Amino acid sequence: GNLYVENIVAISGTTVSTDYLTGALTVAGGAGITGAIRGNGILDINGATTLDQTSIDTTDGQFAVTGSNKIDFDVSAAIEIDSTAASYFKTSSGSLTLESTASSLILNGQPSIAATAAAGGISLSSSGTISFTTSTGNLTITSPGTTAVNGGTATNINGTSAVNIDSSAGGVSVDANSTSNFFIVF
C-alpha cells in the first residue's frame, strides 16, 4: 500500500551509495520532490538530465566537463562567458572555429588583440573586403622573410599623412606590368 508521512522522516542507515541500486535509501520508481534538495557529497546521474535555471558556484572546487561526446549550446538568446582572470579556449586536435552566420564576428581586445601561430602561419580570407583600420597609432607589418602584398585587380596603399616603405638592406623593389601607373609625390 501507500505510505503517507506528514512530518520528518530520518533514515539513520550509513550504507554508502556506489550506484543507483545501493545506499541507505533506494527507490525503485521515480521520485517527485516539490521542495529544495540539498546534498553533501557526490551527485552522479546516469542518463539524460534536464536542468532549468541552473547556477554553478565554483567556490568549493573546479567545474569540469569531461567525456568523449560533443558539447552543444543551442539557445535563442546570447551566450556570455565572463572571467576576471586570463582565459583561453584550447583544442588539442583539429581546428578551433569561431563562426558568425548571421552577422559580423567581432574580436575586441583591451588594449590589444594578438594572433600567434606556432607553425603554419595566420591566414585571413574573405569573399568580400578585408580591411585593417586603426583610429590611433600605427599599422605595422613585420616579417623576417618576404612581405608580399598581392592584389588581383588592384593594390591600394593609402595614407592621409604619409606612407613609409623602408628596407634596412637590399632596397625596395616595385614591379609592374606595362599598364601600371605610379604616382610619387615629393
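All of these numbers come straight from a predicted model, not from anything done at the bench. Note that the numbering runs from 1 along the sequence shown for the chain.
- Sorted by first then second residue, the side-chain hydrogen bond (donor to acceptor under 3.5 Å, both in side chains) pairs that include residues 83-103, not counting sequence neighbours, are Ser83-Ser87.
- Taking both residues in full, the closest heavy atoms of Leu105 and Leu98 are given as CD2-O, 3.6 Å, listed atom of the first, atom of the second, then distance.
- Around CD1 of Ile141, the count of heavy atoms belonging to other residues, nucleotides or ligands within 6.0 Å does not exceed 12.
- Side-chain atoms of Asn138 do not come within 3.5 Å of backbone N or O of Thr140 as any donor-acceptor pair.
- Hydrophobic clustering (side-chain heavy atoms under 4.5 Å, transitive across Ile, Leu, Val, Met, Phe, Trp, Tyr) groups Ile56 together with Val65.
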Less than 3.5 Å apart, which donor and acceptor atoms pair up between the side chains of residues 33-54 and the rest of the protein, not counting sequence neighbours?
residue: Thr49; atom: OG1; partner: Gly47; partner atom: O; Å: 3.4

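- Ala24 approaches Thr14 most closely through the heavy-atom pair CB-N, 4.4 Å.
- In the hydrophobic clustering of ILVMFWY residues, with side-chain heavy atoms under 4.5 Å counting as a link, Val75 and Phe73 come out together.
- Distance alone, capped at 3.5 Å, is enough to place a donor-acceptor pair between the Asp19 side chain and the Thr22 backbone.
- With hydrophobic clusters built from ILVMFWY side chains whose heavy atoms lie under 4.5 angstrom apart, Ile11 shares a cluster with Val27.
- Applying the side-chain hydrogen bond (donor to acceptor under 3.5 Å, both in side chains) rule to pairs touching residues 116-137 yields nothing, sequence neighbours excluded.
- Crowding of Ile79 atom CD1: a count of heavy atoms from other residues, nucleotides or ligands under 6.0 Å exceeding 12.
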